[in-house]
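To find a chain, count down the sequence lines: A is the first, B the second, and so on, and within it residues start at 1. Values in this document were obtained by computation on a predicted structure and should not be read as measured data.
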Number of protein chains: 2
Amino acid sequence: MATLSDVATRAGVSVSAVSRVLSEKPGVRVSVATRQRIHDAAKELNYRPNFTARALKSSRTHAVGLVVPGVTNAIFAELMRGVEEEARTKDYMVLIASTERLPEGEESIPRLMGEGRVDGVLVQFGDHLSGDDLRTVTDSGLPVISINTINPGSGGSVRLEDEAGMRLATEHLIELGHTRIGYAGGVPTSESGQRRLAGFLEAMAAAKLTVEPELVTDFGYYPKQGAQALDAMAELSTPPTAVVVANINAAHGVLSEARRLGIRVPEDMSIVAMHDTWTAEIAWPPLTCVRLPLYELGRAAMASLWDNINSGTAEDRVIADPAPELIVRESTAPPAR
Amino acid sequence: MATLSDVATRAGVSVSAVSRVLSEKPGVRVSVATRQRIHDAAKELNYRPNFTARALKSSRTHAVGLVVPGVTNAIFAELMRGVEEEARTKDYMVLIASTERLPEGEESIPRLMGEGRVDGVLVQFGDHLSGDDLRTVTDSGLPVISINTINPGSGGSVRLEDEAGMRLATEHLIELGHTRIGYAGGVPTSESGQRRLAGFLEAMAAAKLTVEPELVTDFGYYPKQGAQALDAMAELSTPPTAVVVANINAAHGVLSEARRLGIRVPEDMSIVAMHDTWTAEIAWPPLTCVRLPLYELGRAAMASLWDNINSGTAEDRVIADPAPELIVRESTAPPAR
DNA sequence: CTAGCATGATCAAACGATTGTTCACGAGTA
DNA sequence: TACTCGTGAACAATCGTTTGATCATGCTAG
């Protein structure tokens with residue numbers, strides 16, 4: 001709680017002298033003696049610069065906002081870990097803003113962005129964020145990096161190779177011998193969802209397999225919606241022998257629902273999912289997944305935001321290293337026959 | 001980006017008038033006409049009070065820190081959700097500080113607390129936080145609420161009924177007919193760990209069952225450590241027929257390891273775990289758990305911190321509503337014979 | 001007619017740090 | 001001796017809000 005002027009008094013100098021010495025700017029003219037006295041006084045008083053004062057003067061808060069659809073899923077956790085770690089190296093703090101269950105008319109996003117609380121924002125648009133919210137975010141004038149979506153307005157983005165990932169997943173099923181393959185995707189308005197679907201369709205087309213419309217669903221990425229997707233497919237006269245699920249959270253829902261419906265995985269139906277979080281291993285059966293670098297995505301997002309804050313550059317980056325990788329576990333097998 | 005003085009100019013009044021009107025303090029004498037003009041001007045300029053300036057003047061940042069051992073687990077997620085939601089009702093923001101993989105000598109905690117960035121801190125001590133860290137936190141003078149640990153220094157705490165929870169879990173196994181029951185606990189220095197162990201021992205004593213020392217382990221709460229615990233028990237000449245795992249994350253590790261060792265759950269060994277997160281349902285077999293109110297714990301923690309910030313009161317609360325509840329799934333069964 | 005007072009608004013001093021400008025002093029030069 | 005210049009440090013304004021103190025005005029009451 002010691003202030004600059006406390007230190008100044010104790011060292012017998014002016015506050016400006018203390019400020020200059022402690023901030024260690026090159027080219028300050030202070031004698032060795034006073035420099036020493038200032039350092040001593042600061043140490044004795046356990047001086048720490050007051051963040052709010054600094055932020056007011058410099059209009060830099062050294063904090064960024066992370067806007068996410070929800071915090072209770074493993075994908076968020078991985079992403080968060082990457083963001084957190086990169087933020088630490090940049091001497092930044094992370095403010096979480098979850099859009100989950102936001103009451104109607106709640107304006108926490110505009111407030112987060114409009115009050116000068118953060119220097120920039122990382123946004124992962126969920127399925128349910130409105131165009132209004134999007135506009136608020138992009139119109140704020142703050143540096144924004146959108147995660148896994150190309151931002152229609154200004155601002156940069158970081159993305160994964162969704163298309164390649166889904167191709168990999170689909171090819172795996174095709175190689176196993178499946179021909180009637182279903183797709184459980186996200187809501188069609190989502191841009192990354194479109195890329196994932198494209199990857200699936202490409203792989204199917206490349207193998208000269210037809211994709212029947214009723215085998216392509218777009219309920220969403222939550223477990224419940226995965227369950228819905230499976231329900232829809234199970235009702236068909238000839239259900240698919242394998243399903244590509246565009247999100248691992250939804251895949252967990254698919255698995256639960258399969259158990260409920262008495263569909264054996266992988267004997268009756270193979271499941272391959274997008275994203276490889278730690279929950280893939282504890283699931284039953286352990287999920288065959290495509291691993292995309294979520295942690296690196298988080299790091300890259302934070303790094304890009306930092307660049308954007310400090311130099312105004314805004315680029316759209318694709319995180320391709322490490323490359324998408326198929327992790328084969330026990331939820332996929334050749335079709336029964 | 002509009003400031004008070006921008007609004008003042010536009011409305012043709014002084015900044016102080018604007019400040020008083022917009023902050024809506026009772027007992028301000030401003031005519032209806034100017035009041036209206038001020039409101040209009042503020043709206044037209046889309047004025048938002050600058051957070052840093054406000055924080056500097058009032059020494060209130062309307063932000064709290066949440067210090068946790070890690071962000072990639074479902075227990076954190078539940079807790080976080082509660083904290084977040086309560087914070088929103090109190091008009092507070094949450095800053096995450098993970099102590100996971102903190103480089104040696106990293107002083108992010110002292111900085112978080114010493115620079116006036118937050119009005120208070122919520123701390124969930126993990127297994128690996130040093131006494132030094134603890135002292136830094138309690139000595140900072142900031143309001144602190146510790147989560148699921150009684151804080152040795154000042155500051156309040158919120159806890160769960162760990163003891164009752166473990167009793168419930170153990171009694172479940174006893175009722176199923178198990179007599180040789182193992183215990184996979186957290187590191188012995190953790191206070192909540194001691195309470196959990198106590199609950200286990202009580203239930204065993206009440207049933208007049210002996211607890212052999214080699215059946216009680218204390219590796220920790222991470223999946224890997226759960227696996228270690230199972231390894232240790234499996235090596236015994238007579239392994240237990242059931243194991244109480246003091247943390248669901250560790251339980252997932254136990255399950256994986258059991259699969260690796262060819263131990264069938266629940267046929268060869270029953271597993272019951274503490275905490276009921278969403279991962280319990282996707283595990284194989286779905287885990288029998290004791291549900292403790294983690295979400296409510298998060299809310300209560302934030303609410304207590306708020307009280308502490310605003311009135312200086314610091315109490316130790318036990319969150320007993322809803323009461324611990326046994327959720328029976330498929331990882332427990334009567335002993336084979 | 002003027003002291004007293006309520007009303008409505010402005011002034012100005014903080015909060016703590018940063019930073020361009022100024023100042024005092026002594027050494028070096030003409 | 002007078003002037004310049006370099007050095008080491010203090011002065012003072014500023015960031016945007018808050019808030020106690022002050023002030024101008026018109027009205028009531030004595």
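- Nucleotide D:dG16 holds its P atom 16 Å from the CG atom of B:Leu22, rounded to whole Å.
- One can place CG of A:Asn50 at 7 Å from P of C:dG16, the figure rounded to the nearest angstrom.
- Between B:Tyr92 and B:His62, the ring planes are parallel. Angles under 30° get that label, and only those over 60° would be called perpendicular.
- The side chain of B:Thr3 contributes no N or O atom lying less than 4.0 Å from OP1 or OP2 of D:dG16.
- The CD-P distance, from A:Gln36 to D:dG8, rounds to 16 Å in whole Å.
- In this structure, CG of A:Leu56 is placed 9 Å from C1' of C:dC15, rounded to the nearest angstrom.
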Extract from the structure each pairing of a protein N or O with an N or O of nucleotides 18-22 of chain D at less than 3.5 Å, listing the distance.
residue	atom	partner	partner atom	Å
D:dT18	OP1	B:Arg54	NE	2.7
D:dT18	OP1	B:Arg54	NH2	3.2
D:dT18	OP2	B:Ser19	OG	3.1
D:dT19	OP2	B:Lys25	NZ	2.5
D:dG20	O6	B:Arg20	NH2	2.2

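- Residue contacts for A:Thr52: at a heavy-atom cut-off of 4.0 Å it reaches no nucleic acid atom on any strand shown.
- Residue B:Ser31 places no side-chain N or O under 4.0 Å from the OP1 or OP2 atom of C:dT7.
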### Query
Is there a side-chain hydrogen bond (donor to acceptor under 3.5 Å, both in side chains) between B:Tyr295 and B:Glu85 once you walk through the steps?
CA-CA 9 Å; B:Tyr295 167 81; B:Glu85 210 145 311; 3.0 Å; yes
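- Using a distance-only test at 3.5 Å, with no hydrogens or angles considered, a donor-acceptor pair links the side chain of B:Thr99 to the main chain of B:Val68.
- Protein atom CZ of B:Phe51 is 19 Å distant from nucleotide atom P of C:dC15, rounded to whole Å.
- In this entry the distance linking CD1 of B:Ile38 with P of D:dT17 reads 14 Å, nearest Å.
- Whole-Å rounding puts the B:Arg35 CZ to C:dA9 C1' distance at 12 Å.
- Using a 4.5 Å heavy-atom threshold, the side chains of A:Leu95 and B:Val94 count as separate.
- Rounded to the nearest 0.5 angstrom, B:Ser19 OG and B:Leu4 CG are separated by 5.5 Å.
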### Task
For the pair B:Asp307 and B:Thr313, evaluate side-chain hydrogen bond (donor to acceptor under 3.5 Å, both in side chains) and give the outcome as yes or no after the intermediate values.
CA-CA 7 Å; B:Asp307 288 347; B:Thr313 58; 5.3 Å; no
